[in-house]
2 protein chains.
Amino acid sequence: MEAGSSRHGSPDAAESQQLRGTNQSGMRDHNERLVLSLVRQSGALAKSDIARMTGLSAQTVSVIMRELEVEGLLLRQEPIRGKIGQPSIPMALNPEGAFFIGLKIGRRSAELVLIDFLGKTRAMLQNSYGYPTPRDTIDFVRSGIAQMRASLTREQDQRIAGLGVAMPFELWSWVDTAGAPREVMDEWRNRDIRADLQTLFSFPVYVQNDATSACGAELVFGDIGALRDFVYFYIGAFAGGGVVLNGRLYSGPTGNAGALGSMPVPGPGGRPTQLIDVASIAVLEKALNAKGIEASYLWTSPEEWRDLGPELDGWIATASDALAYAIVASASVIDFESAVIDGWMPPAIRTRLVQAVQAAIGKIDVEGLRIPSVREGTVGIHARALGGASLPLSERFLIGSTAPSRGV
Amino acid sequence: MEAGSSRHGSPDAAESQQLRGTNQSGMRDHNERLVLSLVRQSGALAKSDIARMTGLSAQTVSVIMRELEVEGLLLRQEPIRGKIGQPSIPMALNPEGAFFIGLKIGRRSAELVLIDFLGKTRAMLQNSYGYPTPRDTIDFVRSGIAQMRASLTREQDQRIAGLGVAMPFELWSWVDTAGAPREVMDEWRNRDIRADLQTLFSFPVYVQNDATSACGAELVFGDIGALRDFVYFYIGAFAGGGVVLNGRLYSGPTGNAGALGSMPVPGPGGRPTQLIDVASIAVLEKALNAKGIEASYLWTSPEEWRDLGPELDGWIATASDALAYAIVASASVIDFESAVIDGWMPPAIRTRLVQAVQAAIGKIDVEGLRIPSVREGTVGIHARALGGASLPLSERFLIGSTAPSRGV
DNA sequence: CAATAATTAAATCACTCTTATTTATTATTG
DNA sequence: CAATAATAAATAAGAGTGATTTAATTATTG
């Protein structure tokens, strides 16, 4: 259990140990994923475009894409005329090609989301609580998914490709601080939530760290352009992160890569603190509470916070210093092109935070490094649940890049 | 040029942009590399072992390994008897299968090394200087390699698979601090050393960051067991590092991953400094010089330093605190299994340093992280040059793991 | 109508897989 | 102790899969 439970457990117990050989079906699978990844990234592409981009022969691409079309994953668009030669027929992702369900288990609420092949949200459900329990969570998932599936046609329902669960690393270690009884804590520790959920459904169930999931949502659904290597911060009740290398979400050997909340940074007094202790919404809430301000709306209305006054300014100042520091430290481990910051906050405040971080980086000694550009996330508050849903999508339809290329 | 020159330039200008398709030769190439990687990692293996490990059919493995044997890359060992069934015939790497040349360009000296397929050093040459110049470096390489090749048979010579150059990132930015004239600095900045060297040889020439190279040597030649993800520190005149992910050296989008010398850490007074400013041999030298102690033997006799007294103790104390901090910060970016420390120092001192780092980590708040084990490097002072030589070896004969696996 | 580019059918080629066979060895039986 | 059974490694032959090559077809521009 231990390390295993927080990995994204591949339900088929597939990748047994380490290094596998490649055979023809592996090759075809790889090329199919490649085509789908390119079409997802670039919009609609003609077969000839794909052939040029991949280096595969036109005929191979023709065969692969025709098959994907027959399977309902690609849709033929209007031919493009006006250029010399036979008009090209762009092929786009079919929104109805597949559906995915994401579940986020958070400190104060759970979210369930149903998305289509393009990542568009088709349905969303929420469940608030004082603290989560396995039993209630499973009930919520069972009834919630039943409700969502009822709204789908039989055809659509059969195209549900999986459920991805985004939850914090070692959930039980903080559930008790939320006032939960000890039994609940132990239940989370001892139960294999993935296995329990898997018994309910015929499609595969995956589990992944919540901030890593948010990062995955940014990668798959976000507007990141050609960005292929970035470090990602999600500032929620707690702070966490994720890592994208070579266009692929990297979750690490134990699934705990991007544990940026635990990054040591210089605290207010100059002594080292963890990032999470200065750059999380929980810290902001505490600061507000200390002033006697009721701040539960931080959790309930993330689209628009009231005017928060000096506490917010102070929070942004310290949080951005800490984030700047964490970004520089990250950049000395991996030469990321960008650092992306998103979180449970209104876009306007996210913008302020990012600007403050950019300014704060300027005050740090960065000799010997190329500092990543700092940008806002483009997915927003629901990134974790969407990232959960992106997990079955990635597993089934996308590809990384560190793959064997063509021979000579 | 810019970013390009410090990448490991693939001489064939092969991997044009990003995502390539896979074809049969790619598949075969992948499986061949897989076999060689496994044999390198595990010593000698029978065909049936390989078949079990890779999931490939016995027949496929038979064909591949027979071919590798014919090519002279594998050697048939004595059959192993004493077990039921036909005795298995282990196949080992043929030491004469290929040769590789490594060049390290350092602050005070250059090293040239010739190794065989097992990584054993066949020849080594050194060249000391006040500061390096491109012209002298190229002369040294030309004559040095000519001398080395003269000692090889025609057969061996034809099996030289490449030259790998290990040199610091933006060499020119510190050459001037070594007292070099400005022209030399500019020459390094403006010249493409890889291209210049490539004109001299028919085998491919690669360039890579020096500390990253050292890390690669540890990965390929070191005694790391099953370790597949680690962060590596090389403490030389300066401090640098490297990153191994999934059993593969990761050099990052710009080739500057593992720039750990630039990691911000709490300095002596508690204010942030870069790791390089507290944990490098140059700092130790400076401390000794300040006490009026002549310390040039630090560079010339790294096998055995004289008794260094309190300055060494002080250096180990501050360096280990900083390293401990850098390791924790790295672990919050990637959940490394281990941190490996090596450098230009006698093994006994390396041992002390590692022990001090282990102790120092205990004093840091690591909640939410699994802390990597800290171990000594097993390659030693020549890791950079050997790592240079490992570069053509990896490019040509080894494989990472993030590759398409077998189909159903 | 010539040139150009996209697409695809047919034939070919490379590589892995499955099945069956051979070979070498240990374990068991009479 | 010889004969036989069991086991495992290695390989040969043939089948199957998927990419490539070659050539033909189609739609469009100029």
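Every chain is numbered from 1, with letters handed out A, B, ... down the list of sequences.
Sequence order on DNA chain D of the closest nucleotides to Pro79(A) and Thr60(A) puts Thr60(A) first from the 5' end.
At whole-Å resolution of the value, CG in Asn31(B) and P in dA14(C) are 17 Å apart. Going from atom CD of Gln77(A) over to atom C1' of dA6(C) covers 17 Å, rounded to whole Å. Per the geometry, CD belonging to Glu32(B) stands 13 Å off C1' belonging to dT16(C), to the nearest Å.
For Gln77(B), the side-chain contact (heavy atoms from CB on, under 4.5 Å) partners two or more places apart in sequence, or in a different chain, are Ala44(B), Leu75(B), Pro90(B), Ala92(B). With sequence neighbours excluded, no residue forms a ring-ring contact (aromatic ring centres under 6.0 Å, His included) with Phe221(B). Here Phe117(A) pairs with Phe397(A) under the ring-ring contact (aromatic ring centres under 6.0 Å, His included) rule; sequence neighbours left out. Asp49(A) meets the side-chain contact (heavy atoms from CB on, under 4.5 Å) test with Leu45(A), Ala46(A), Arg52(A); sequence neighbours excluded.
A donor-acceptor pair under 3.5 Å is absent between the side-chain atoms of Thr60(A) and the main chain of Leu56(A), judged by distance alone.
Residue pairs meeting the salt bridge (Lys or Arg N to Asp or Glu O under 4.0 Å) criterion with at least one partner in residues 54-76 of chain B, sequence neighbours excluded, are Arg28(B)-Glu67(B), Glu69(B)-Arg76(B).
In this entry dG30(D) has dC1(C) as its Watson-Crick or G-U wobble partner, both defining distances falling under 3.5 Å. When both distances must be under 3.5 Å, the Watson-Crick or G-U wobble mate of dA12(D) is dT19(C).
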In B/S/- notation, 5' to 3', how is nucleotides 10-17 of chain D contacted by protein heavy atoms closer than 4.0 Å?
SBBB--BB

